[in-house]
Structures are given as structure tokens and as C-alpha cells.
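Remarks on the structure that follows.
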Amino acid sequence: MKPADLVRPEILALSAYHVAEAEGMVKLDAMENPYRLPEHLARELAARLARVEINRYPNPAAPRLRARLAETMQIPSDCEIVLGNGSDDLIQIITFTLARPGAVMLTPEPTFVVYRMNANLAGMRFVGVPLRPSLELDLEATLAAIRAEQPALVFLAYPNNPTGVLYDEEQVAEIIRAAPGLVVLDEAYHVYARRSFLPRIAEFENLAVMRTVSKMSLAGLRLGYLVARPEWTVQFNKVRQVYNVNVLTQAAAEFALEHFDVLEEQAEQVLAERPGVGEALAALPGTTVYPSQANFFLVRVPDADRAYQSLRAQGVLVRNFNGAHPMLANCLRVTVGTPEENRILITAMREALT
Ligand SMILES: *Cc1c(COP(=O)(O)O)cnc(C)c1O
């Protein structure tokens, strides 16, 4: 027998998530914050990591890190925190927990593709509700789909990726109230959007808020966290791999969160650049720029494949969404970087579009 005879058909049908080679490029493809820890903090971190007992398994409950997160992020005391090896890990944990035979996962689309990938892997039926052409939520269609499909699980990226759009808070609340199952608000960009449902989590029995440190200068650590009532987290903890967050990540994240003001300042620097980058992109010939509450812009150009290749040739890496979804035809997604990176981006874009 060949592998193709043995592998599950839904896995044969998938393509692996593609990550472009970025060596030597101006890297504006993955919504990383461009700033590193200042030198003196990097040295302190090294000293802290040197003391970590890498000969021992991690404490799977990670009590110090969870306490630090609870304090830094003002997590309501009646909620529990589940840690993940990135929020990608949490998406998988949640999906596998709720994938009863016949269960449905519903999300507005286009959105973060990892939701759909996990529905496929876990054998959940996936229902995507198209966004409006403006990339805003189609509330009526979403509520109708929820009534018709009775999803066990709804993912809402708040703000959405790859569009950058932050859905209206009251519309999101209406979806949570209408949903018969769990609604996971994916707040990967909360430091840029400065909006969150965490303060309202007690209002809803079926709400979980998921976040990551990836978009706030710590993408290499791989740490996500899910905040929900204990009735939910007790189930997720059965599916979570016991040692999913390693000792170095636990120690480094604790350290970084002790200096959360530094991370917030790094987010501020990107936020200060955002309007200028948006305006400069919009001023280029033939572009449409969607309003963003995150650290990136979705830009429609006349020929995205050509523009992407030209940018690459000029040493600038962005993400090409042409072909990924009909509503993303000819769309590029560009991360907001340092002032210098943004200048290079705009110059290269101008060249790519002429
Ligand atoms: C980037 C991103 C994530 C991935 O987070 P990791 O913690 O790096 O796995 C999750 N959700 C959305 C919407 C994202 O854009």
C-alpha cells in the first residue's frame, strides 16, 4: 500500500500551510511586531533563561505564567486560563473537543484559514458565511446561518484577519446571544485594536476569548491563551497535550509580561505608523485599502500576482491572497513595520504598480 491509500482523504485533500522563505527580506508578511527587546532586557532575559531547569518537564499548570497573565491582562477572576503552544494549538484543542459527529463549525469568511483547516482535520462540518463586499459582517446572513445550522462552534476573529476589519461590538454580542454553542472571539490583535470582550465575558455562558502574544513582539515564543468559564476549560484541558508550553517559553513569557509596558510601547510605535501607511497605500495608482484596526492592511491592486513578484524581487515580502478566496481577488496583505520598512514598502509598491 502507498501512503495515498492509507492517509485519510480529508488530509490528502489539504495543502500544508505555506510559509515563504524570508531570509534577507523586509518581512511584512506575518503581522510580527518589528521591534525586539531592548539590549538590557535581552541580557536580563538571557540570565533568567540560564536558570531554567531544562532537564525537567514543564509544570503543565504553569501557575506563575497564568497568574502573571491574569494580572497583566485583567482577566476576570471567575474565569480560567488555558495555555496553548500558540493560539493555533488552542484552535485545535477547541475544535477537537467539540467535534461530535455531525457538529458544525461556523465562521464569517474570508477569515483566518486555520479554523477551516482544523474543522477538516477534526471531521467537523464547516460553514462559511460570506462577509459583505465591504468586508463588514453580514449580520442578517450570519444570524440566519446560525439558526439553520445550529453550530457547536463559532469563531470570530476580532479584528478579522486578513481584512483588518473590527466588527461592530453590538453585532458580535447579538451573534453570541443567538449561537446555541460556543463562540470563540479570537483577539490576536487586541493590542492594536484596543477592543476586547474580556470585560464582558461574564455576560455570556457561551463565550471564550482567545489571545496570543505573537502579534505583540513575541511571535517566536509560541504562546496563546484562552479565557473561559471553568465548565469549558476543564474539558479543553483533557484535550491539551500535557506539556504543550515548554519551560523556556513559560520563563520568557513571564519575563516579557513583567515588562508589558515595553511591549505596549512597541505596539504604540506601530500604531503611530498605521495611518500614514494606509494613506500612502491608498494614494498609489489603482489601489483600494480596507480600513484596519490591526497592524496590517489588506490592499486590492490591479494585478496582485505581478505586484507580489515585483515586491519580492525588490526584497519586500508581503502576503498574496489572490486565489485564496473570491472576495480576496487581487488582494495583498501588508504588515505595518518600522518607519524605515514602511518607506521601503511604499517605494517598492509604487514601482510594483507601474
Ligand atoms: C496570527 C493569528 C493567530 C495565530 O496566533 P499564534 O498564537 O501565533 O498561533 C490566530 N488568530 C488570528 C486571527 C491571527 O491573525
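Numbering starts at 1 and runs along the sequence shown. Both ligands and their constituent atoms are indexed starting at 1 by order of listing.
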>> So, applying salt bridge (Lys or Arg N to Asp or Glu O under 4.0 Å) with Arg64, which one of Glu254, Glu258, Glu71 is it?
In response: Glu254
> Backbone, side chain, both or neither: what part of Ala188 comes under 4.0 angstrom of ligand 1, heavy atoms only?
Replying inline: side chain
>> Given Tyr158, which partner from the list Tyr167, Phe197, Tyr189, Tyr192 fulfils the ring pair (Phe, Tyr, Trp, His ring centres under 6.0 Å) test?
In response: Phe197
> Any idea which atoms of ligand 1 are less than 4.0 Å away from a heavy-atom of Ser214?
Replying inline: 6 (P), 7 (O), 8 (O)
>> I'd like to know if Lys215 and Glu187 make a salt bridge, using a cut-off of under 4.0 Å between side-chain N and carboxylate O.
In response: no
> Heavy atoms only: which of Asp186, Thr111, Leu223, Asn85 is nearest to atom 13 (C) of ligand 1?
Replying inline: Asp186
> Do Arg343 and Glu340 sit within salt-bridge range, that is, some charged N less than 4.0 Å from a carboxylate O?
Replying inline: yes
>> For Lys215, which part has a heavy atom under 4.0 Å from ligand 1: side chain, backbone, both, or neither?
In response: side chain
> Is Arg222 close to ligand 1, meaning an N/O of one under 3.5 Å from an N/O of the other?
Replying inline: yes
> Under 4.0 Å from any heavy atom of Ser87, which atoms of ligand 1 are there?
Replying inline: 3 (C), 4 (C), 5 (O), 6 (P), 7 (O), 9 (O), 10 (C)
>> Within the 4.0 Å heavy-atom shell around Gly86, which atoms of ligand 1 are there?
In response: 7 (O), 9 (O)
> Is Arg319 close enough and on-axis enough to Phe112, meaning under 6.0 Å and within 45°, for cation-pi?
Replying inline: no
> Relative to the heavy atoms of Tyr189, which atoms of ligand 1 are at a distance of less than 4.0 Å?
Replying inline: 1 (C), 14 (C), 15 (O)
>> Taking 4.0 angstrom as the limit and counting only heavy atoms of Asp88, give me the atoms of ligand 1 inside it, by number and element.
In response: 4 (C), 9 (O)
> Which atoms from ligand 1 have a heavy atom of Phe112 less than 4.0 Å away?
Replying inline: 2 (C), 3 (C), 4 (C), 10 (C), 11 (N), 12 (C), 13 (C), 14 (C)
>> Check this for me, if you would: do Glu10 and Arg116 make a salt bridge, where the nitrogen-to-carboxylate-oxygen distance has to be below 4.0 angstrom?
In response: no
>> Quick one: does any side-chain atom of Arg333 pair with a main-chain N or O of Thr163 as donor and acceptor, under 3.5 Å?
In response: no
